[in-house]
Amino acid sequence: MRETLTPTQSGPGAPLRQYEYLEITVSRDESVPTAYQRLREHAEYGKWELACSTLYMGGHRKYVMRRKVLRVQRTLDIYS
């Protein structure tokens, strides 16, 4: 199983992205219950949700998970 996290930029001048994405690729040799267990763990502990799943010829599967990017704004001005 291979996992790829799409990087998001933060700070001034960064694009306003609403979601960050995680691609999980599963080989045909890995069992479906094991792959689903991995997806459930990401959803429960990492706050990810399943956005897309694809089954390729030959048995490979790709899952795309997403989660909202939380933007925190400073509320305390310590430099004044």
Side-chain angles (χ1 to χ4, degrees):
M1 183 176 294
R2 194 179 81 210
E3 300 176 7
T4 306
L5 178 62
T6 304
T8 56
Q9 298 173 354
S10 61
L16 294 176
R17 293 191 178 155
Q18 299 239 341
Y19 293 97
E20 59 182 338
Y21 293 90
L22 175 68
E23 291 183 5
I24 299 175
T25 306
V26 180
S27 68
R28 63 185 175 101
D29 301 331
E30 189 169 353
S31 68
V32 174
T34 305
Y36 286 161
Q37 177 64 33
R38 178 76 60 97
L39 294 174
R40 279 194 301 268
E41 289 174 1
H42 279 292
E44 184 174 349
Y45 300 114
K47 307 293 185 199
W48 294 95
E49 62 183 26
L50 184 63
C52 178
S53 64
T54 307
L55 175 62
Y56 293 102
M57 291 179 65
H60 289 83
R61 294 181 300 276
K62 182 174 93 172
Y63 301 101
V64 178
M65 301 186 81
R66 70 179 187 178
R67 69 179 169 190
K68 277 218 172 258
V69 175
L70 299 176
R71 306 229 182 262
V72 180
Q73 296 201 1
R74 186 180 305 169
T75 58
L76 179 61
D77 188 15
I78 59 173
Y79 297 110
S80 11

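Quick caveat, the model's predicted, so the values are computed rather than measured. Residues take their numbers from the sequence shown, with the count starting at 1.
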Same apolar cluster (I L V M F W Y, side chains within < 4.5 Å links), Leu50/Val32: yes
Would you give the length of the straight line joining atom CG of Leu39 to atom CG of Leu22, rounded to the nearest 0.5 angstrom? 9.0 Å
Any chance you could lay out the side-chain contact (heavy atoms from CB on, under 4.5 Å) test for Arg38 and Val26, step after step, and finish with the verdict? CA-CA 10 Å; Arg38 178 76 60 97; Val26 180; over 6 Å; no
For the CZ atom of Arg66 and the SG atom of Cys52, what is their distance to the nearest 0.5 Å? 11.0 Å
Any Tyr56 side-chain heavy atom under 4.5 Å of Arg61 side chain: no
To the nearest 0.5 Å, what is the distance between CD (Glu20) and CE (Met65)? 12.0 Å
Rounded to the nearest 0.5 Å, how far apart are OH of Tyr19 and CZ of Arg67? 13.0 Å
Is Ile24 linked to Tyr36 within one hydrophobic cluster, defined over Ile, Leu, Val, Met, Phe, Trp and Tyr using a side-chain heavy-atom separation of less than 4.5 Å? yes
Kindly compute the distance separating CD (Glu30) from NE2 (His60), expressed to the nearest 0.5 Å. 11.0 Å
